[in-house]
Asker: 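Pasting in a structure now, in structure tokens, and then I'll have a few things to ask.
Values reported hereafter were calculated over all heavy atoms of this structure, with side chains retained and with hydrogens, waters and symmetry mates removed. Nothing fancy with the numbering, it's 1 onward along the sequence.
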Amino acid sequence: MKNYQALIVDDELGNRELLTALIAAHCPQIGRVATADSMEEALKVLNQQVIDVVFLDIEMPGGTGFDLLNQLPEIKFKVIFVTAYDAYALKAIKYSALDYLLKPVDPLELKTAVEKLEASTVQREQLDLLSYNLNQPQDRRIALATQEEVIFAQVSEIIRLQAEANYTRVYLKGDEAVLLSGNLGHFEKLLQDQQFYRPHQSHLINMRHISKYVKSEGGYFQMSDGAQIPIARLKKEEVKRLFLS
């Protein structure tokens, strides 16, 4: 088992103390825990010590967590964001395929996040993507993490998603398709505010890529890539209200 050296960056003493105690009680993979109450103090620790993982609060006096990361020429540590509930910020974090914990931190979620550290990597591109999505809500980009790579794509270029057991195949503009871990329901929630619709249990479609709605032959949507997406029987009345009203 790897022994991680951690840094907690949070301007509130109570939050730092609580997270330190939870790590000691539930995360034997983490040995030493340093703390910082500001961006300046965090930079000092990172310049003086070898840190494997940073538990980073997003909002801090004098600068955000992104300001801290942007001041580093190279990110040699893994990042777990720790934030109060904010639907907008959480959606941006999820789009960037980065790990996070909600305040107050749940011990089980903390344990799960730490157990994932060995397999996870943080790329500068993912952090840049997160910053971009927080500032560009109308033109979101998403990190699609496969087993071999992370593909960065405009949400508007996703044509459709199709369930394949516990995986989801994502079809992108230009006939490229990628297989991602996670069921279709996960992506339906993730993309629910981005003009996506689920006409069938196995399909989630981008309404911007619908070429036509065919009412005959049981009903289906023809997509911009030529695919014919069936409409579930229980969805037919809903589709009529959405597309024919």
Asker: Hey, are the side chains of N133 and I93 touching, using non-hydrogen atoms and a 4.5 Å cut-off?
Answerer: no

Asker: To the nearest 0.5 Å, what is the distance between OG1 on T83 and OH on Y100?
Answerer: 10.5 Å

Asker: Calculate, to the nearest 0.5 Å, the distance between atoms CG and CG belonging to L161 and N206 respectively.
Answerer: 9.0 Å

Asker: For F196 and R198: C-alpha separation, side-chain torsions, deciding distance, then whether side chain to side chain contact (heavy atoms under 4.5 Å, CB included) applies.
Answerer: CA-CA 7 Å; F196 282 75; R198 191 169 181 176; over 6 Å; no

Asker: Check the side chains of Y197 and E238 for a donor-acceptor pair under 3.5 angstrom, ignoring hydrogens and angles.
Answerer: yes

Asker: Using 0.5 Å steps for rounding, measure from the NE2 atom of H203 to the CD1 atom of I231.
Answerer: 11.0 Å

Asker: Would D193 and K91 count as a salt bridge (Lys or Arg N to Asp or Glu O under 4.0 Å) if you check the C-alpha gap in whole Å, the side-chain angles of each, and the deciding distance to 0.1 Å?
Answerer: CA-CA 10 Å; D193 62 344; K91 185 63 68 70; 3.6 Å; yes

Asker: Kindly write out the residues that satisfy salt bridge (charged side-chain N to carboxylate O under 4.0 Å, His left out) with K111, not counting sequence neighbours, or none if the list is empty.
Answerer: none

Asker: In terms of heavy-atom contacts, does CD of Q228 have more than 12 from other residues, nucleotides or ligands at under 6.0 Å?
Answerer: yes

Asker: Do NZ/NE/NH1/NH2 and the carboxylate oxygens of K94 and D99 come within less than 4.0 Å?
Answerer: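 Between D99 and K94 there is no salt bridge, as every charged N stays at least 4.0 Å from the carboxylate O atoms.
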
Asker: Please report the shortest heavy-atom distance between N3 and P28, naming the atom on each side.
Answerer: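 In this case the closest contact between N3 and P28 is ND2-O, 4.3 Å.
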
Asker: Let's go through L110 and I80 carefully: what are the C-alpha distance in whole Å and the side-chain angles of both, what is the deciding distance for side chain to side chain contact (heavy atoms under 4.5 Å, CB included) to 0.1 Å, and is it a yes or a no?
Answerer: CA-CA 10 Å; L110 170 64; I80 297 176; 6.0 Å; no

Asker: Can D11 and R16 be counted as an ion pair, charged N to O under 4.0 angstrom?
Answerer: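 The answer is no: the pair does not qualify as a salt bridge.
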
Asker: Tell me, please, whether Y95 has R141 positioned over its six-membered ring: NZ or CZ under 6.0 Å from the ring centre and within 45 degrees of its axis?
Answerer: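 Ring-cation test returns no.
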
Asker: In Å and rounded to the nearest 0.5 Å, what is the CZ to CD distance from R140 to Q194?
Answerer: 5.0 Å

Asker: Nearest 0.5 Å, what's the SG-CG distance between C27 and L19?
Answerer: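 So the gap between those two atoms works out to 8.5 Å.
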
Asker: So how far is it from L184 CG to L190 CG, rounded to the nearest 0.5 Å?
Answerer: 11.5 Å

Asker: Using a 6.0 Å cut-off, check whether atom NZ of K236 has over 12 heavy atoms from anything other than its own residue.
Answerer: yes

Asker: Establish whether I142 and Y167 are linked, either directly or via other cluster members, by ILVMFWY side-chain heavy-atom contacts under 4.5 Å.
Answerer: no

Asker: List the atom of F221, the atom of P199, and the distance in Å for their closest heavy-atom pair.
Answerer: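 Reported closest heavy-atom pair: CE1-CB, 3.9 Å.
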
Asker: Under 3.5 Å, which donor-acceptor pairs link side chains of residues 45-56 to any protein atom two or more places apart or in another chain?
Answerer:
unit_1, atom_1, unit_2, atom_2, d
N47, ND2, L43, O, 3.0
Q49, OE1, R32, NH1, 2.3
D52, OD2, Q5, N, 2.7

Asker: Run the side chain to side chain donor-acceptor pair (under 3.5 Å) test against E41 and tell me which residues pass, sequence neighbours left out.
Answerer: none

